[in-house]
Amino acid sequence: MTATVSPVTLHAGDGPGQPDPTPELHALYRGFEQELLVPLWTEIGDLMPSSPRPAALAHRWQWANLLALAERSGQLVPVGRGGERRAIALANPGLGGAPYATPTLWAAIQYLNPHEDAPVHRHTQHAFRFVLEGEGVWTVVDGDPVAMRRGDFLLTPGWRFHGHHNQADTPMAWLDGLDIPFVHHTGSAFFELGPDHVADRSTPARSRAERLWAHPGLRPVSQSGPQVSSPVAAYRWEHTDAALRDQLDLEAEGHPGVVEPGHAAVRFSNPTTGGDVMPTIRAEMHRLRRGATTATRREVGSAVWQVFEGAGAVRVGEHEWEVGRGDLVAVPSWQPLTISAGTDLDLFRFSDTPVFERLHADRVQVDEVQS
Ligand code: GTQ
Ligand code: FE2
């Protein structure tokens with residue numbers, strides 16, 4: 001999001017529109033450096049490209065490798081006050097080693113040993129969890145314990161106190177997504193500690209938030225008006241799965257509903273607005289029938305995809321990867337993306353698109369399906 005400009009990039013006399021490299025010009029450029037000034041004419045190609053040229057690169061991370069390192073961290077690294085979470089972030093190879101999957105999005109594998117606690121805190125960053133496998137952890141959001149199970153998508157919107165506790169005799173790992181890089185770049189982070197331990201260790205199958213909010217098409221009359229983030233604490237896999245299955249069944253019966261042939265998709269939504277679950281993050285689940293290929297699509301803003309089930313191929317620009325269960329792919333802004341399903345293929349996706357829609361800077365280009 002921030003362009004890197006440094007005096008080193010000041011080149012005299014090399015390129016269209018550049019003045020001759022006279023001693024006087026060099027003296028002028030030294031003057032700029034001394035006064036911390038940078039002229040546009042040496043930077044314009046980088047700063048104002050004809051179409052987005054993100055620093056982030058397309059990249060694939062394999063779940064098996066992430067999980068092995070998370071397990072090792074579970075043996076070597078305690079979780080507790082200070083470090084706060086045993087979370088290991090994807091670091092995009094184009095972003096200089098920063099723990100950013102994309103310029104705006106954090107994606108991490110988080111790991112809790114049996115009967116471990118992650119302490120309570122809150123922050124302005126918006127967060128979600130997506131569960132690839134396992135169960136036994138409850139995330140307690142503002143005092144409301146929310147069970148985490150395979151396929152569930154759970155929200156921790158900004159400034160809610162939250163801690164996690166593993167009630168099982170087995171470890172659990174899941175995917176965290178947050179807007180940490182966006183908040184970092186914009187200098188808008190606030191953070192506060194809560195109690196060192198989760199007070200409510202009860203283990204209800206359904207949270208209070210779900211009992212109030214997670215009935216299809218029904219909202220409590222007592223709770224009128226829009227809320228900035230979705231009050232639905234957990235979107236359960238049985239509903240997501242059924243919605244995707246119904247779309248493909250409707251397609252087979254000749255009715256509309258799918259995105260394109262063999263490609264069903266649902267977006268997790270805020271029932272008080274119909275919009276995205278949180279102001280900075282969009283989240284979706286996609287299902288491709290075996291053999292289906294998506295249209296090649298690019299859009300402003302970045303995304304991270306995770307294979308939930310099945311296998312296939314993901315092409316981003318010049319890169320192509322075989323992907324299987326749990327594998328993650330970062331898709332930078334405006335990079336063309338095509339996904340092919342080798343088997344029936346379920347994918348979770350999150351992106352920063354709501355930010356660009358709010359700024360009216362969103363743009364999408366869809367090409368014909370390539371065979
Ligand atoms: O679980 O509260 O991956 O605060 C990064 C920051 C997880 C969390 C992360 C966090 C959390
Ligand atoms: Fe947190």
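The figures here come from the full heavy-atom set of this structure, side chains too, leaving out hydrogens, waters and symmetry mates. In listed order, ligands and their atoms are each counted from 1.
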May I ask you to check whether His184 and Trp106 place their ring centres under 6.0 Å from each other?
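Ring centroids of Trp106 and His184 are no less than 6.0 Å from each other.
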
Atom pair CG (Leu193) and CZ (Arg122), whose distance is rounded to the nearest 0.5 Å:
11.0 Å

Roughly how far apart are Asn92 CG and Thr102 OG1, rounded to 0.5 Å?
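Result: 7.5 Å between the selected atoms.
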
Where is the nearest protein heavy atom to [atom]: which residue, which atom, and how far?
atom	value
atom 5 (C) of ligand 1	Trp106 NE1, 3.6 Å
atom 6 (C) of ligand 1	Leu178 CD2, 3.9 Å
atom 11 (C) of ligand 1	Arg85 CG, 3.6 Å
atom 9 (C) of ligand 1	Asp176 OD2, 3.5 Å

Just give me the atom name: the N, O or S atom of His123 closest to the Fe ion (ligand 2).
NE2

Which atom of His121 approaches the Fe ion (ligand 2) most closely (N/O/S)
NE2

Taking 4.0 Å as the limit for heavy-atom contacts, which would you say applies to Gln110 with ligand 1: side chain only, backbone only, both, or neither?
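Only the side chain of Gln110 comes within reach of ligand 1.
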
Basic-acidic side-chain contact under 4.0 Å: Arg53, Asp46
yes

Under 4.0 Å from a heavy atom of His121: which atoms of ligand 1 are those, numbered in the order shown and with their elements?
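Heavy-atom distances to His121 below 4.0 Å select 2 (O), 4 (O).
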
If the cut-off is 4.0 Å to any non-hydrogen atom of His164, which atoms of ligand 1 fall inside it?
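Near His164, meaning under 4.0 Å from one of its heavy atoms, ligand 1 has 1 (O), 2 (O), 8 (C).
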
Cationic tip of Arg150 above Phe308 ring, under 6.0 Å, 45° of axis
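Checked: cation-pi criterion met.
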
Can a non-hydrogen atom of His162 be found less than 4.0 Å from any atom of ligand 1?
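So His162 counts as touching ligand 1.
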
So is Gln125 close enough to ligand 1, meaning a heavy atom under 4.0 angstrom away?
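No, Gln125 has no heavy atoms under 4.0 Å from ligand 1.
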
Test item: side-chain donor near acceptor, Gln125 and Asp179, under 3.5 Å:
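Per modelled atom types, Gln125 and Asp179 side chains form no pair under 3.5 Å.
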
Side chains of His319 and Arg60: is there a donor and an acceptor less than 3.5 Å apart?
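No, no side-chain donor-acceptor contact under 3.5 Å.
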
Heavy atoms of other groups near Arg211 CZ, more than 12 under 6.0 Å:
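No, the 6.0 Å shell around CZ holds no more than 12 heavy atoms from other groups.
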
